[in-house]
Amino acid sequence: MIASVITLGCKVNEYESQSILAQLKENGYEIKEGLTYADVYVINTCAVTNIAERKSRQVFSKIEKINPNAKIVAVGCAVQNNPASFLKPNTLAIVGNFGKHDIMKFINSQNKTLPPLENKVYEPFSRPIETRSRQYIKIQDGCDYFCTYCLIPYVRGRSRSRDLNDIIDEIKNTNANEVVLTGINMSDYKIDGKPALIELIKAVDKLNVRFRLSSIECNVLTDKMIDVLKNSKNFCPHFHLSLQSACNATLKRMNRRYTIEEFKEIVKKIKENFVLPCISTDIIVGFKGETDEEFNDTLKNLKEIEFSFMHIFPYSERSGTVASKMSDAVDKCVVKAREKQLQELNREFKSKFFAKNMNTVHKVLIEEIKDSMSLGYTENYIYTYIEKPLNVGDIVDIKLKSTYNQGMKGELL
């Protein structure tokens, strides 16, 4: 019996999908990933935007073209948000988010009723299928922030943290040469109810494995945190800081927990303390009530910050959120024009970041061999092409020599 797992959405979903693969393998399935022939498919869905949820549903019809007799297990945020839309004739089970950690229970019972969302304690997962290159390590789930545009607290539940010793044990037993600490809101990682991200990072740093932080809120980057990361031997200096808007009025409507002045001060400290750090962000364009003046304020502040690159998303209304009840929706044509401006600025940022890194030396983790080229990321998250086949999992010294295909070519030293 062949089972394939299809993953949409975030890095937490990727971690959980690898755990689901491990559970399937342990129960005798031949495992695959993606839209390839299988008898059973597990779709790990996403609901962060309307488009993501629609793509999650569209996977059903794509599977039917590959194997009309296949059975489908639907899990994840889109299922949690709208279970009825995933109850199709070929649906074997629906799981949502609570139950992923014990998926065979739902497959064997052919469960068609969404389990209640458990949000009191962290649900431990089976160890994921391992890789020789980069391994995601989930440290936390859920969110207590309730940003007005965001559906995630309603489909993931409240914030809960994984046991520190369990995290360290998983990292110790991985074969990967790089780990990425991830969570729905990993900035809210706690031990005994108290903020403990610094404590976790110190413990991870002692393991002598290269590590990254997937996405963090700017408010956790205190002087103490910056000092800990600066003195780490294994931290990769890529800071993905969720900004969402660079205008204080918009940030307030979004219920974000900082001002643009506070954000800029933190970025300034990062640039002062790290050599060529990659600083990336997410920006929502066209949020409810965003005026021309507010957008221009965002544009001005983004130019001052000068990120390495940005992920830009048009505002997507999610039913049930506070923002869905707000008035003053921005015209779609205006949103499209603003998005185009930000994409042009993003290309400028990326070009400047690559230029700063030209002829600099880095360590690249080899993740893939393709067309006799070795591909992987530098510590500061530049996708690098090396014109020589190496071994997946190797960490090699290179000098960046030229821009190439959304990344840079590196010369092996």
Side-chain angles (χ1 to χ4, degrees), residues 9-12 48-49 143-153 182-188 197 212-222 225-226 229 237-274 277-316 318 321-323 330 335 338-350 352-353 380-381:
C10 65
K11 291 178 173 64
V12 174
V48 70
T49 64
C143 185
D144 293 343
Y145 281 16
F146 288 92
C147 299
T148 57
Y149 54 83
C150 188
L151 188 67
I152 298 307
T182 191
I184 295 301
N185 182 5
M186 61 180 287
S187 300
D188 199 34
L197 188 58
R212 297 182 186 273
L213 307 177
S214 63
S215 177
I216 53 176
E217 298 289 324
C218 68
N219 54 8
V220 302
L221 283 169
T222 60
M225 172 70 86
I226 289 173
L229 294 173
H238 173 207
F239 298 84
H240 187 78
L241 308 176
S242 301
L243 176 57
Q244 310 303 358
S245 172
C247 168
N248 281 332
T250 313
L251 288 171
K252 189 173 181 180
R253 288 199 305 281
M254 289 178 165
N255 194 33
R256 298 296 286 171
R257 300 185 175 199
Y258 47 82
T259 65
I260 190 60
E261 289 76 22
E262 291 167 341
F263 192 98
K264 286 195 283 190
E265 183 62 27
I266 288 162
V267 170
K268 179 184 174 185
K269 288 179 180 179
I270 292 171
K271 291 182 177 181
E272 288 172 349
N273 282 278
F274 295 87
C278 178
I279 306 174
S280 57
T281 197
D282 302 315
I283 298 292
I284 296 173
V285 60
F287 183 65
K288 288 283 190 73
E290 185 183 66
T291 63
D292 288 341
E293 184 181 6
E294 289 180 4
F295 177 71
N296 289 333
D297 199 21
T298 282
L299 209 56
K300 175 180 72 72
N301 284 317
L302 290 177
K303 288 176 181 177
E304 286 180 23
I305 294 169
E306 194 177 298
F307 288 100
S308 306
F309 66 88
M310 305 181 291
H311 296 300
I312 299 158
F313 307 93
Y315 168 66
S316 178
R318 305 271 59 202
T321 62
V322 173
V330 181
V335 175
R338 290 176 183 172
E339 183 183 3
K340 184 179 179 182
Q341 278 187 269
L342 290 182
Q343 292 291 5
E344 288 173 358
L345 184 62
N346 189 33
R347 284 189 285 272
E348 182 183 322
F349 285 164
K350 191 176 287 188
K352 286 182 178 179
F353 183 57
N380 62 342
Y381 210 66

Checking [X] side chain against [Y] main chain: does a donor-acceptor pair fall under 3.5 Å?
X    : Y    : value
R318 : I152 : no
S245 : T250 : no
T49  : S316 : no
R338 : F295 : no
D297 : E293 : no
T281 : L241 : yes

Spacing of [atom1] belonging to [X] relative to [atom2] belonging to [Y], to within rounding of 0.5 Å:
X    : Y    : atom1 : atom2 : answer
R256 : C150 : CZ    : SG    : 8.5 Å
M186 : S215 : CE    : OG    : 8.5 Å
I284 : C147 : CD1   : SG    : 8.0 Å
C247 : L299 : SG    : CG    : 11.5 Å
I283 : L243 : CD1   : CG    : 4.0 Å
I216 : N185 : CD1   : CG    : 10.5 Å

State, with a plain yes or no, whether a side-chain heavy atom of [X] is found less than 4.5 Å away from one of [Y].
X    : Y    : answer
L221 : F239 : yes
F146 : V322 : no
T148 : K288 : no
N273 : L229 : no
E265 : K268 : yes
I305 : F349 : no
E290 : Y315 : no
F309 : N346 : yes

Electrostatic pair E306:K271 at N-O distance under 4.0 angstrom: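 Answer for the salt bridge query: no.
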Note: E304-K264 ion pair, threshold 4.0 Å (strictly below):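 Yes, this pair counts.
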What heavy-atom pair brings [X] and [Y] nearest, and what distance separates the two atoms?
X    : Y    : value
L197 : S187 : CD2-CA, 4.2 Å
M310 : L342 : CE-O, 3.7 Å
C143 : P153 : O-CB, 3.6 Å
S308 : P277 : OG-O, 3.8 Å
Y145 : N255 : O-ND2, 3.5 Å
V335 : P314 : CG1-CB, 3.8 Å

Audit row: E294, F287, side-chain contact (heavy atoms from CB on, under 4.5 Å) steps and yes/no: CA-CA 10 Å; E294 289 180 4; F287 183 65; over 6 Å; no
side-chain contact (heavy atoms from CB on, under 4.5 Å) between H240 and H311, worked out: CA-CA 10 Å; H240 187 78; H311 296 300; 3.5 Å; yes
E344 CD: over 12 foreign heavy atoms closer than 6.0 Å: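 Yes - once you tally the heavy atoms of other residues, nucleotides and ligands closer than 6.0 Å, there are more than 12.
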K300 NZ: over 12 foreign heavy atoms closer than 6.0 Å: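 Enclosed: over 12 neighbouring heavy atoms sit under 6.0 Å from NZ of K300.
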Stepwise side chain to side chain donor-acceptor pair (under 3.5 Å) test for N248 and E261: CA-CA 9 Å; N248 281 332; E261 289 76 22; 2.9 Å; yes
Check: S280/H238 side-chain N/O donor and acceptor closer than 3.5 Å: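 The criterion, which ignores hydrogens and geometry beyond distance, is satisfied for H238 and S280.
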Qualifying residue for side-chain contact (heavy atoms from CB on, under 4.5 Å) with I279, from N380, V267, I266: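 That would be V267.
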Check against side-chain contact (heavy atoms from CB on, under 4.5 Å), T321 and Y149: CA-CA 6 Å; T321 62; Y149 54 83; 5.9 Å; no
